[in-house]
Peer 1: 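Encoded as structure tokens, here's the structure I'll be asking about.
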Number of protein chains: 2
Amino acid sequence: MGAGVPNADQRLDARDLAILELVQRNADWSHGEIGRQIGLSVSAVNDRIRRMVAAKVIRGWTADLDPGALGLHLLAFVNVLIDRAELIPAFAERIAAYPEVQECHHLAGDWNYILKVRVPTTAALENFISCELKEKLKVSRTATTIVLRSLKDSPALPIMNGGAAR
Amino acid sequence: MGAGVPNADQRLDARDLAILELVQRNADWSHGEIGRQIGLSVSAVNDRIRRMVAAKVIRGWTADLDPGALGLHLLAFVNVLIDRAELIPAFAERIAAYPEVQECHHLAGDWNYILKVRVPTTAALENFISCELKEKLKVSRTATTIVLRSLKDSPALPIMNGGAAR
DNA sequence: CCTGAAAGCAAGTCGGG
DNA sequence: CCCGACTTGCTTTCAGG
């Protein structure tokens, strides 16, 4: 990939941002309905969306599922420490393949990684930490925090329309 | 099953789960293409998706956007402590309204909440923590961890197809 | 780059098995 | 509960300003 700023040539204007704000909240609206809400024709909306998909600003379209309906009643954040540096590449390569790991972020701080993990039960969590993380992936230490309730859990990104104040 | 199980009557079979796995990865496939992949007719796929939307198993449809393309170059997890219990309801009521807060989870452990926060710069993060969290929302203490790199950051949920092994 | 009309295609609705 | 044809509506394209 090129050096520097990856979106230097993307030039999203206020109408693009308005479209993004709408489609990340409800991708099911027709292009006509989007156009009506922001004062644009159907074709213009279509063009802009196509361009943003091509530019990878829009990476894809997904269904938003209810974890509880799928039996995923437990959400936890697992901090991960790996003592020996030579074990980190293997961990980094394999951790993303676990479906119960929704997120894995490399951290600046006391821990190497933080994982967002969704499982049905505490038994499944224990199995994941003991067997997968510690045994297979050679994680030295973990610190797990159980989520009691999610007040907000949205993939929606903050979109600043021309720096408008709150 | 005992009372209190919210999805006791939903009865998702293996075909429903297969559909969910597909649409959460790519909601753009036509019902015909989904049916071809799992061996079902267009109408059957349509019926099942309609039923799962009505049952709120599918909560909606969203566009997956690239944070970097929107200038959101900083991701951080902010742990929040609120000393005085009477300040917690106001926090809980107002925190979800912040667009830079992607997630807010009530925790079991040393901290009250963990926030997943996306902002353009460290300056914006400092402003959010100092002005919004500490000043306006009366948060007592925070511990912020900066994300250096996200190895995985997906809203996709783990869907267990009849206990299939990894 | 946006508009407006025309064509292609998928979603949603039927009756039937 | 699944299938197949029909109808409706949206997406997509095209010519034009």
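Only heavy atoms go into these numbers, but all of them, side chains included; no hydrogens, no water, no symmetry mates. In what follows, chains are A, B, ... by sequence order, proteins preceding strands, each numbered from 1.
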Peer 1: For B:Val42 versus B:Gly32, what's the shortest heavy-atom pair and its separation?
Peer 2: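 Heavy atoms only, the tightest pair is CG2-CA, 3.7 Å.
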
Peer 1: Which atom pair, heavy atoms only, marks the closest approach of B:Val80 to B:Ile82?
Peer 2: CG1-CG1, 4.0 Å

Peer 1: Using the side-chain contact (heavy atoms from CB on, under 4.5 Å) rule, take A:Leu75 and A:Val117 through it: C-alpha gap first, then chi angles, then the decisive distance, then the call.
Peer 2: CA-CA 6 Å; A:Leu75 173 62; A:Val117 177; over 6 Å; no

Peer 1: Rounded off to whole Å, could you give me the CD1-to-C1' distance for the B:Ile49 and D:dC2 pair?
Peer 2: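 Value for this atom pair: 15 Å.
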
Peer 1: Kindly say if B:Arg48 contacts the phosphate of D:dC2, meaning a side-chain N or O under 4.0 Å from OP1 or OP2.
Peer 2: yes

Peer 1: Who passes side-chain contact (heavy atoms from CB on, under 4.5 Å) against B:Glu33, sequence neighbours left out?
Peer 2: B:Trp29, B:Ser30, B:Arg36, B:Gln37

Peer 1: B:Pro120 and A:Met160: which non-hydrogen atoms are nearest, and at how many Å?
Peer 2: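 So the two residues come closest at CG-SD, 4.0 Å.
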
Peer 1: State, to 0.1 Å, how close B:Ala69 and A:Leu12 come at their nearest heavy-atom pair, and which atoms those are.
Peer 2: O-CD1, 3.8 Å

Peer 1: Find the distance A:Arg51:CZ to D:dT13:C1' and express it as a whole number of Å.
Peer 2: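 Distance, rounded to whole Å: 15 Å.
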
Peer 1: Minimum heavy-atom separation for A:Ala63 and B:Ala27, please, with both atom names.
Peer 2: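 Smallest interatomic distance, heavy atoms only, reads N-CB, 3.9 Å.
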
Peer 1: Atom CG in A:Leu20, atom CG in B:Leu70: separation rounded to 0.5 Å?
Peer 2: 6.0 Å

Peer 1: Quick one: A:Arg36 CZ to D:dT11 P, roughly how many Å, whole number?
Peer 2: 11 Å

Peer 1: Tell me which donor-acceptor pairs under 3.5 Å the side chains of residues 139-159 of chain B have, and how far apart each pair is, sequence neighbours excluded?
Peer 2:
from: B:Ser140; atom 1: OG; to: B:Asp83; atom 2: N; distance (Å): 2.8
from: B:Ser140; atom 1: OG; to: B:Asp83; atom 2: OD2; distance (Å): 3.4
from: B:Ser150; atom 1: OG; to: A:His105; atom 2: ND1; distance (Å): 2.7
from: B:Lys152; atom 1: NZ; to: A:Ala96; atom 2: O; distance (Å): 2.8
from: B:Lys152; atom 1: NZ; to: A:Tyr98; atom 2: O; distance (Å): 2.9
from: B:Lys152; atom 1: NZ; to: A:Val101; atom 2: O; distance (Å): 2.9
from: B:Asp153; atom 1: OD1; to: B:Lys116; atom 2: NZ; distance (Å): 3.0
from: B:Asp153; atom 1: OD2; to: B:Arg118; atom 2: NH2; distance (Å): 2.6
from: B:Ser154; atom 1: OG; to: B:Ala156; atom 2: N; distance (Å): 2.9

Peer 1: Find the runs of at least 3 consecutive base pairs, i with j, i+1 with j-1 and so on, that include DNA chain D, using Watson-Crick or G-U wobble geometry with both distances under 3.5 Å.
Peer 2: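 Stem list for DNA chain D: C:1-6 with D:12-17, C:8-17 with D:1-10.
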
Peer 1: Just the rounded figure in Å: distance from P of D:dC3 to CZ of B:Arg15.
Peer 2: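 Roughly 7 Å, once rounded to whole Å.
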
Peer 1: Taking only residues two or more places apart in sequence, or in another chain, which ones meet A:Asn46 in a side-chain contact (heavy atoms from CB on, under 4.5 Å)?
Peer 2: A:His31, A:Arg50

Peer 1: Do you know the tightest heavy-atom contact between B:Arg15 and B:Ile38?
Peer 2: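 So the two residues come closest at O-CD1, 4.2 Å.
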
Peer 1: For residues 39-47 of chain B, which residues have at least one heavy atom under 4.0 Å from DNA chain C?
Peer 2: B:Ser43, B:Asn46

Peer 1: Walking along DNA chain C from 5' to 3', note the first and the last nucleotide with an atom under 4.0 Å from a heavy atom of chain B, and give both.
Peer 2: C:dA10 to C:dT13

Peer 1: In whole Å, what is the span from the CD1 atom of B:Ile19 to the P atom of D:dC1?
Peer 2: 13 Å

